[in-house]
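Scroll down for the structure; my scribbles are underneath it.
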Amino acid sequence: MAYAVLKQGREGRARARHPWVYEGEIDVVAGDPKPGDIVDVVDHRKRFLGRGFINPVSSITVRILTWIEEEEVNEEFFYRRLTEAREYRKVVAAGASCYRVVFSDGDFLSSLIVDRYDDVCAVQTAAFGTDVRKTMIVGMLADILGVSKIYERNDVRSRELEGLPLQSGFMMGQFPTAFWAEENGFSFWVDVERGQKTGLFLDQRENHKAIAPWCEGARVLDAFCYTGGFAIHAAGYGARQVLAIDSSGAALEIARLTADKNGLGDRISFREGNAFDVLRELEARRERFDLVIIDPPAFAPSKRTIEAAYRGYKEVNLRAMKLLAPGGVLVTCSCSYHMRPEVFLQMIADAAADAGRSARLVELRSQARDHPILLGVDETHYLKCAVLRMS
Ligand code: SAH
């Protein structure tokens, strides 16, 4: 078997079971492997560290799948990993019909994402090793999940770093790619072809539900609402009035239909615009809310952009705080992996100090449990969701 020898002193990450082996950590690759082939990762004394697929084009050259020397990476291995992922969801996503079935490194299947929306699956293979095996993977998913409708969402930019084309389309069956599905008992419009991510922000499923205790009779603001994830839940949980903002007219059109579909249209109003501007305008009009939800897109797509992102997050949180009545609740999120949880909390504290307010942390939440966080692999912990009581 081909193998990659790590430079002396560079084996720490692999030994600590981080699955990514960077180009710069590798001394030499022996055995002439093709992209996607399985290779052993060994230290400079040829001692086994892990086994995974290689792509010489990518700066993440090897993605380790197992740290057990006796474990072969063959068809059975993938079937076993996918089955384990499914079994885990039977517990952490019990009762949900839409959930993430496979979360890449969090399920020891680096670069593979599988989301399920009822009987439809959306699949993403973001590295060569999973991409060359996608037909096999699709067949296994059909068997394990009992689905026959599978759609490819490989239009993510990260594929370019792997030398893979951006593409999407049917992988198994032909079916309507947009439909109603259920989350926490509410109906949402899923569009696996054109929606953000693979259709819905499944990582927010538990956070959507976590706002319930703060909604009864409340006046709620949902900034960055997309198709209404938080807004619909807030109204359904008894909010008296919800204002939902997004810069995307297309998302708002769906959000409106969704409000009506759930019989909540009379309590939610929508506003198309830049949340930064709309929040400023609401402040100028001295509007007050009992609950404000801030769920912006990733402001820090890379480490380089973290400082600008910090300012962006701080500004929008500061504006949100100014709109909250004393005792009001702020639910604030960041899906930027580069914004680490401790930095995120510092940003909130800075915003509170500038606003002249005290922020009591009620809960620090993260992504839904069907997006498992692997300790030591920070990349798997990307979503932060803080619930704060402002005084
Ligand atoms: N809260 C949503 C997901 C939000 S995704 C849910 O739970 O489902 C982020 C959203 O922010 C996207 O819909 C995007 O259109 C919107 N957005 C991005 N920049 C924005 C801006 N400056 N002002 C308002 N909305 C913006």
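Indexing begins at 1, ligand by ligand and atom by atom, following the structure's order. Every heavy atom of this structure was used, including side-chain atoms; hydrogens, water molecules and symmetry mates were not. Residue indices begin at 1 and follow the sequence shown.
- Side chain to side chain, T227 and T258 fail the donor-acceptor criterion of an N or O pair below 3.5 Å.
- Side-chain polar atoms of T198 and Y117 form a donor-acceptor pair below 3.5 angstrom.
- At the shortest separation from atom 2 (C) of ligand 1 among protein heavy atoms lies D295 OD2, 3.4 Å.
- A salt bridge does not link D115 with K197: none of the charged nitrogens is closer than 4.0 Å to a carboxylate oxygen.
- Neither the backbone nor the side chain of A223 has a heavy atom within less than 4.0 Å of ligand 1.
- For atom 18 (C) of ligand 1, the nearest protein heavy atom (residue, atom name, distance) is P297 CG, 3.5 Å.
- Ion pairing between D107 and R100 fails under the 4.0 Å rule for side-chain N and carboxylate O.
- Near G273, the atoms of ligand 1 lying under 4.0 angstrom from a non-hydrogen atom of the residue are 23 (N), 24 (C).
- Checking E152 against N154 by side-chain atom types alone, a donor-acceptor pair falls below 3.5 Å.
- Residue H208 has at least one heavy-atom neighbour below 4.0 Å for each of these atoms of ligand 1: 6 (C), 7 (O).
- Scanning all protein heavy atoms for the shortest distance to atom 23 (N) of ligand 1 gives A275 N, 2.8 Å.
- When each atom of ligand 1 is checked for a heavy atom of Q196 under 4.0 Å away, the hits are 12 (C), 13 (O), 14 (C), 15 (O).
- Among all non-hydrogen protein atoms, the one lying nearest atom 5 (S) of ligand 1 is F201 CZ, 3.4 Å.
- Each of the following atoms of ligand 1 lies closer than 4.0 Å to a heavy atom of N274: 21 (C), 22 (N), 23 (N).
- Between L252 and A244, the closest heavy-atom pair is CD2-O, 4.5 Å.
- Here is the list of ligand 1 atoms found below 4.0 Å of a heavy atom in S248: 15 (O).
- Defined by atom type and a distance below 3.5 Å, a donor-acceptor pair is present between the side-chain atoms of S58 and E162.
- Nearest protein neighbour of atom 25 (N) of ligand 1, counting heavy atoms only, is S247 N, 3.1 Å.
- The single protein non-hydrogen atom nearest to atom 4 (C) of ligand 1 is F224 O, 3.3 Å, given as residue, atom name and distance.
- Using 4.0 Å as the threshold, C335 has no heavy atom nearer than that to any atom of ligand 1.
- Listed by number with element, the atoms of ligand 1 under 4.0 Å from a non-hydrogen atom of F230 are 1 (N), 7 (O).
- Side-chain contact of Q241 with R219: a donor-acceptor pair under 3.5 Å is present, judged by distance alone.
- Using cut-offs of 30° and 60° for the angle between ring planes, the Y226 and F201 rings count as perpendicular.
- Protein heavy atom closest to atom 10 (C) of ligand 1, with residue, atom name and distance, is D246 OD2, 3.5 Å.
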